[in-house]
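Numbers restart at 1 for each chain; the letters A, B, ... are given by sequence-line order, proteins then strands.
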2 protein chains.
Amino acid sequence: YIELHKVGKHYRMGEITIAAATDVNFVIEKGELAVITGPSGAGKTTLLNILGGMDACDEGEVILDGKAISKFNPRQLTTYRREDVGFVFQFYNLIQNLTAKENVELATEICKTPMSAVQVLELVGLSERMNNFPSQLSGGEQQRVAIARAIARNPKILLCDEPTGALDDSTGKSILKLLQDMCRETKMTVIIITHNMAITPMADRVIRMKNGTVSQNIVNEHP
Amino acid sequence: YIELHKVGKHYRMGEITIAAATDVNFVIEKGELAVITGPSGAGKTTLLNILGGMDACDEGEVILDGKAISKFNPRQLTTYRREDVGFVFQFYNLIQNLTAKENVELATEICKTPMSAVQVLELVGLSERMNNFPSQLSGGEQQRVAIARAIARNPKILLCDEPTGALDDSTGKSILKLLQDMCRETKMTVIIITHNMAITPMADRVIRMKNGTVSQNIVNEHP
Ligand SMILES: Nc1ncnc2c1ncn2[C@@H]1O[C@H](COP(=O)(O)OP(=O)(O)OP(=O)(O)O)[C@@H](O)[C@H]1O
Ligand SMILES: Nc1ncnc2c1ncn2[C@@H]1O[C@H](COP(=O)(O)OP(=O)(O)OP(=O)(O)O)[C@@H](O)[C@H]1O
Ligand SMILES: [Mg+2]
Ligand SMILES: [Mg+2]
């Protein structure tokens, strides 16, 4: 469903070239919950940005559902990002002067088959706080609004960069169980970047990165 | 060294009052590494903001080094924040158009006994990236700049809100070991909010919070 062939990305900074990703190869099947893990600076966010059409790779190919998104022009990428991708950013990116509920509603406005904002906010445990602004919410509460916003779009692929970083263990686990359930019920393909190794047994696939490349590709038979 | 007596903080939002902290009582000895832990929304950031003079409590007393900071006027609070406190925020708060090194240098400009920016950035493993801007750094790299910036000020108390949230296990451990060493060598009092329960054995004291109040106060004899 998702295929990466020899994907590379580098940043040129004066005389130095930083290789953020080098010769990255992997596949992810439709409806899988895949986890990308690895040390700080390994290239995880870089890969997710490429998968989400937020950034272009310099070498290699990215194919999703048969289409080569690495060859998309800007307009095709915009459509791809708007219709097919749900994104949870490493830094929550909520709109400060909209409430939690309004943040979710805005994200689903141009969506074909959105979920109800109230329902999704209940699913992440925020029914009591949905009329609050981000500045009136704790770090973990803001992170959950960001997750609700991405899920509500009912995307083909859901990309999450450290979705449980600011959550305590039990809230984090229930969020992951929620993502796992949605994965299985709606055939949504979920890719999660995390440092939390406790998550990896719940995934169908674990992609370990190191220094910009894939060091290990593990398939779990019974997650 | 640090004493909290019956500290409370609430937010009034229309008809509803949210009790962010209620009847909080604990002491922390000079030179201790204390960890505050607890579920999302428990009141941890609220407490840290009060300890750091960023926010005032509504009830109770906060005493540091014999002074009642809960009674400080705005000018005393400003001096307190500038000279005595190092703060690592839950969201990194780096200045986007200054490099990592410049961010640290700025923070130590009005400091009495700062550490060298270059040295501290080496301590957190960023000697190769100190001339980069925050947007050119990974999430974990930005978090480490924020930590370096707080440490370099050589403060009396160092307050860290989830300092290792975006770091992989091994980088996170080395950062905590660094904080633990500084605690012991410089008699700096360090207070860390974290969800990472693996950290708690390294602390001298663990304060567990739940629903705005302290549920458990544990002293480790041999951390
Ligand atoms: N705009 C940029 N310019 C230069 N270098 C960059 C840029 N963005 C990322 N990098 C570098 O590319 C490498 C990979 O970065 P990336 O953000 O993908 O890491 P990561 O695996 O997400 O790390 P973390 O766990 O710390 O968030 C890092 O060395 C980073 O410093
Ligand atoms: N400005 C505000 N207005 C209203 N309520 C607030 C405000 N700031 C915090 N709260 C509420 O106070 C409670 C405690 O918040 P706090 O940020 O201290 O939690 P926390 O323990 O840091 O949580 P997390 O682990 O999710 O970061 C939460 O229920 C939060 O929603
Ligand atoms: Mg990252
Ligand atoms: Mg918090």
Side-chain angles (χ1 to χ4, degrees), chain A residues 11-14 16 18 20 37-49 89-94 99 124-126 128-129 131-144 161-162 164-175 193-198 208-210 212, chain B residues 11-14 16 18 20 37-49 89-94 99 124-126 128-129 131-144 161-162 164-175 193-198 208-210 212:
Chain A
Y11 293 101
R12 204 157 284 136
M13 311 196 331
I16 311 176
I18 303 240
T37 187
S40 178
K44 309 179 292 295
T45 297
T46 299
L47 263 208
L48 214 74
N49 287 343
F89 293 91
Q90 196 164 6
F91 310 123
Y92 321 138
N93 278 355
L94 299 179
T99 65
V124 299
L126 288 177
E128 306 295 305
R129 309 306 303 275
N131 296 315
N132 289 130
F133 293 95
S135 59
Q136 299 170 330
L137 298 173
S138 76
E141 289 163 347
Q142 292 180 47
Q143 198 165 36
R144 283 181 271 159
D161 201 338
E162 312 276 1
T164 58
L167 301 176
D168 56 86
D169 283 349
S170 73
T171 314
K173 271 211 192 82
S174 58
I175 291 291
I193 290 176
T194 184
H195 291 120
N196 186 353
M197 298 309 287
R208 291 196 58 89
M209 291 192 69
K210 201 172 151 79
Chain B
Y11 293 102
R12 203 157 286 136
M13 311 192 337
I16 310 175
I18 303 240
T37 187
S40 177
K44 309 180 293 294
T45 297
T46 299
L47 263 209
L48 214 73
N49 287 343
F89 293 90
Q90 196 165 5
F91 309 124
Y92 321 136
N93 279 356
L94 297 180
T99 65
V124 299
L126 288 176
E128 307 294 305
R129 309 305 304 275
N131 295 316
N132 289 131
F133 293 94
S135 58
Q136 299 170 330
L137 298 173
S138 76
E141 289 162 348
Q142 291 180 47
Q143 198 164 39
R144 282 182 271 159
D161 201 339
E162 312 276 1
T164 58
L167 301 176
D168 57 86
D169 282 349
S170 75
T171 314
K173 271 213 191 82
S174 59
I175 291 290
I193 292 177
T194 183
H195 291 120
N196 186 353
M197 298 309 286
R208 290 195 59 88
M209 292 192 66
K210 200 171 150 85

Given a strict heavy-atom distance threshold of 4.5 Å, which part of B:Gln143 is in contact with chain A: side chain, backbone, both, or neither?
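Answer is neither: B:Gln143 stays 4.5 Å or more from chain A.
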Chain A contact via B:Phe91 - side chain, backbone, both or neither, heavy atoms under 4.5 Å
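Answer is side chain: those atoms of B:Phe91 sit under 4.5 Å from chain A.
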Taking all non-hydrogen atoms of both residues, which atom of A:Ser40 and which atom of B:Gly140 are closest, and how far apart?
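Closest pair (atom of A:Ser40, atom of B:Gly140, distance): OG-CA, 3.5 Å.
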Which bit of [X] comes within less than 4.5 Å of chain B, counting heavy atoms only: side chain, backbone, both or neither?
X: A:Gln136; answer: side chain
X: A:Gln90; answer: side chain
X: A:Asn132; answer: side chain

4.5 Å side-chain heavy-atom contact, A:Arg129 and B:Ile18
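A side-chain contact under 4.5 Å exists here.
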Tell me the residues of residues 164-172 of chain B whose non-hydrogen atoms fall below 4.5 Å from those of chain A, in number order.
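So far as heavy atoms go, B:Gly165, B:Ala166, B:Leu167, B:Asp168, B:Asp169, B:Thr171 are the residues that approach chain A to under 4.5 Å.
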